[in-house]
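Since this is a predicted model, take the numbers as computed values, not measurements. We use all heavy atoms of the structure for the numbers below, so side chains are in, but hydrogens, waters and symmetry mates are not.
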Amino acid sequence: KQALMQRQGKNLIGAFHQPKAVLADTSLLVSLPERELLAGYAEVAKYGLLGDAEFFTWLEENSPSVLKLEPDAIMYAVQRSCEAKTRIVEVDEREAGKRALLNLGHTFAHAFEAEAGYNGRLLHGEAVAAGLGLAFDLSVDLGVCAAEHATRCKAHLRAVGLPSGQSDLVIGNVPARRLIEHMRHDKKMRNGKIHFILVRAIGEAFVSGDVPSDKLKALLERDKNVV
């Protein structure tokens, strides 16, 4: 399995089967190492960043309680995350449009994971966190998002102990051309174009297939050199 992933990437096979109910036993979270817990938190923050600015503000104020697994805080964070995904999947079960928003940060993240070789040294949530920061930076570079939103996003990721860009990852400084080649094998590739989830602001994500290659390359080259 790992050899196949190293050659071809991840998420090669999938199926759609909607649950009748979702059960979340939050007591199991105490069994996770801190690093795994943080990696999961990246996906929670993603829900606020892509479509729920109020929830993201709540996370900025309450992340210590969430990460300490205080019952009320963790229950609220899990509930809001489930509700956010439910709202999107209900209107777009098979990713024909809006469901793609759930991939905020993931085009970058999957490239980072491919570079790491899926060997466990880079967790999915760590790659996603770095991808979230880059998605906001790319949106700023393209002129569709004010810089203050990217600053807030990345400040929160760093505050909880997550990466906010490539320079924070264990893969080191990877050439932009190599990351872009990984992206070309991503499932979000459509009609020869890499599709990104961009943002107009915190809580306002949208899908774009119109990202100039020079802008993407410049961002990746700049980000790998951030100290």
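- Listed here is the closest heavy atom pair of I202 and H149: N-ND1, 3.4 Å.
- Note that CD of E126 is 7.5 Å distant from CG of L169, once rounded to the nearest 0.5 Å.
- Between H195 and V207, some side-chain heavy-atom pair lies under the 4.5 Å cut-off.
- Between W58 and R80 the shortest side-chain heavy-atom distance does not fall below 4.5 Å.
- Taking the six-membered ring where the residue is Trp, F196 and F108 present tilted rings, their angle falling between 30° and 60°.
- One distance of note links OG of S63 with CG of L38; it measures 10.0 Å at 0.5 Å rounding.
- Taking the side chain as every heavy atom from C-beta outward, I194 and V211 never approach each other to under 4.5 Å.
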(message) Run T107 and H182 through side chain to side chain contact (heavy atoms under 4.5 Å, CB included) and show every step you take.
(response) CA-CA 9 Å; T107 302; H182 289 311; over 6 Å; no
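- Q166 CD to L219 CG: the interatomic distance, rounded to the nearest 0.5 Å, is 9.5 Å.
- Each of L179, V170, V174 was evaluated against F112; a single residue qualifies, L179, per the side-chain contact (heavy atoms from CB on, under 4.5 Å) test.
- Within the 3.5 Å criterion, the main-chain N or O of F55 finds a donor-acceptor partner in the side chain of D52.
- Under a hydrophobic-cluster definition in which Ile, Leu, Val, Met, Phe, Trp and Tyr are linked whenever side-chain heavy atoms come within less than 4.5 Å, directly or via other members, V30 and L67 are assigned to the same cluster.
- Sorted by first and then second residue, the ring pair (Phe, Tyr, Trp, His ring centres under 6.0 Å) pairs involving residues 19-49 (not counting sequence neighbours) are Y41-H156.
- Under 4.0 Å is where a charged nitrogen must lie from a carboxylate oxygen, and between K46 and E43 at least one such pair does.
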(request) In sequence, state the C-alpha distance, the side-chain angles, and the governing distance for L69 and T26, and then conclude on side chain to side chain contact (heavy atoms under 4.5 Å, CB included). (result) CA-CA 8 Å; L69 301 180; T26 57; over 6 Å; no
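- Ion pairing between a basic and an acidic side chain is recognised when a charged N comes within 4.0 Å of a carboxylate O; K154 and D137 show such pairing.
- The side-chain hydrogen bond (donor to acceptor under 3.5 Å, both in side chains) analysis of residues 200-212, with sequence neighbours excluded, yields no pairs.
- Taken to the nearest 0.5 Å, the CG atom of L138 stands 9.0 Å off from the NZ atom of K215.
- The environment of D72 atom CG is sparse: at most 12 non-hydrogen atoms of other residues, nucleotides or ligands sit within 6.0 angstrom.
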(request) Tell me, with the steps shown, if F136 and L49 meet side chain to side chain contact (heavy atoms under 4.5 Å, CB included). (result) CA-CA 10 Å; F136 270 79; L49 291 167; 3.7 Å; yes
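- Cluster membership for L123 and V128, using ILVMFWY side-chain heavy atoms within less than 4.5 angstrom, is not shared.
- Within 6.0 Å of atom CD in E83, more than 12 heavy atoms from other residues, nucleotides or ligands are found, so the atom counts as buried in its surroundings.
- Nearest heavy-atom pair across L132 and A42 is CD1-O, 3.8 Å.
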(request) Begin from the C-alpha positions of V160 and V66 and carry the test side chain to side chain contact (heavy atoms under 4.5 Å, CB included) through to its verdict. (result) CA-CA 10 Å; V160 299; V66 173; over 6 Å; no
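- Taking CG of D141 as the reference point, atom CG of L216 lies at 10.0 Å (rounded to 0.5 Å).
- Separation of atoms SG (C153) and CZ (R158) is listed at 9.0 Å; rounding is to 0.5 Å.
- In terms of heavy atoms, L101 sits closest to L50 at O-CD2, 3.5 Å.
- Of the possible polar contacts, none joining the S139 side chain to the C145 backbone as a donor-acceptor pair under 3.5 Å is found.
- Under 3.5 Å, the side chains of R222 and S167 contain no donor-acceptor pair of N or O atoms.
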